[in-house]
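Contents: one structure, followed by commentary.
Values below: every heavy atom of this structure, side chains too, minus hydrogens, waters and symmetry copies.
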Amino acid sequence: MNKEALKAAREAYEIEAECIRQELEYFDDAEFAKAVDALAKAPRIGTSGCGHSGIACRHFSHLLCCIERPSRFISPAEAVHGATGFLQEGDVMVFASRGGKTKELLPILDICKKKGVTVITVTENTESPLATGADIVLKQHVNRETDKYNSQGTTSTTALCVIFHALQAALIEETGYKNEQFAVIHPGGAVGERLNSEK
């Protein structure tokens, strides 16, 4: 590996660490509390995003299922072809879009409004259509991406995942979720072995 590559690798750690430190400054207690309350009470939770945001949303849906909050990722392409039938009045939809203008998500927002679904948008642009159309907005912050062109979805993905991780940590406390419950639904792998050996 050449010196420039090694330098870029080390700088990636610094860029993302600084992003997380800065993002905490945008943490809105009241808005976050509303999001946790909505997610804790929702019978079902949908998530949707495009590109790296979509990948992070899949991750969040899995995290929610791990604490027994029924969730699924709804593909933007499938959403307008019937997949939003998963969502019913009283459910929650979580959108992730750094710019808040992802055109594939806007029709889903309209569907959620018609169905009485609570919308949470995670975005850097709080004046965007996905933000102004949401019931709850969580502010994402990105200093810069880790690549030298500042164009790859690296730091922005980490910043989004940190928000999702914070939501899951809060939901565990809010719902009183117990590790014994996780042991039942996660018997596989090293984690399952450890959880079930502690019984």
| task | Kindly write out the residues that satisfy salt bridge (Lys or Arg N to Asp or Glu O under 4.0 Å) with Glu31, not counting sequence neighbours, or none if the list is empty. | result |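 Scan of Glu31 (salt bridge (Lys or Arg N to Asp or Glu O under 4.0 Å), adjacent residues dropped) gives Lys34.
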| request: Check salt bridge (Lys or Arg N to Asp or Glu O under 4.0 Å) between Glu174 and all other residues, then give those that pass, not counting sequence neighbours. | output: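 Salt bridge (Lys or Arg N to Asp or Glu O under 4.0 Å) check on Glu174 returns nothing, list empty.
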| Are any of the side-chain heavy atoms of Ser71 and Arg44 separated by less than 4.5 Å? |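 Contact flag for Ser71/Arg44 side chains = no.
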| request: Linking directly or through intermediates, with side-chain heavy atoms under 4.5 Å: list the remaining ILVMFWY members grouped with Phe73, chain and number order. | output: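 None; Phe73 is a cluster of one.
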| Cluster companions of Ile15 among Ile, Leu, Val, Met, Phe, Trp, Tyr (side-chain spacing under 4.5 Å) |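 Same cluster as Ile15: nobody, lone residue.
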| Any side-chain donor near an acceptor of the partner, Ser61 and Thr47, under 3.5 Å |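 Note: Ser61 and Thr47 side chains meet the donor-acceptor criterion.
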| task | Measure across Ile74 and Ala79 and return the closest heavy-atom pair with its distance rounded to 0.1 Å. | result |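 Result for this residue pair: CG2-CB, 3.7 Å.
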| field | Pairwise side-chain hydrogen bond (donor to acceptor under 3.5 Å, both in side chains) hits with a residue in residues 102-113, at least two apart | value |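 Sorted result for residues 102-113: Ser97-Thr102.
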| Are the side chain of Gln22 and the backbone of Cys19 linked by a donor-acceptor contact shorter than 3.5 Å? |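 Checking the backbone N and O of Cys19 against the side chain of Gln22, no donor-acceptor pair under 3.5 Å is found.
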| request: Output yes when Arg21 and Glu18 qualify as a salt bridge under the 4.0 Å nitrogen-oxygen rule, no when they do not. | output: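 Yes, charged N to carboxylate O under 4.0 Å.
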| message | Angle between ring planes, His165 versus His59, binned at 30° and 60°: parallel, tilted or perpendicular? | response |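 Aromatic pair His165/His59 classed perpendicular.
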| query | What pairs meet the salt bridge (Lys or Arg N to Asp or Glu O under 4.0 Å) rule with one or both residues in residues 131-155, with sequence neighbours excluded? | reply |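 Checked against salt bridge (Lys or Arg N to Asp or Glu O under 4.0 Å) - neighbours excluded - the pairs reaching residues 131-155 are Arg98-Glu145.
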| field | Joint hydrophobic cluster, Ile136 plus Phe95, side-chain heavy atoms closer than 4.5 Å | value |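 As far as the 4.5 Å side-chain criterion goes, Phe95 and Ile136 are not connected within one cluster.
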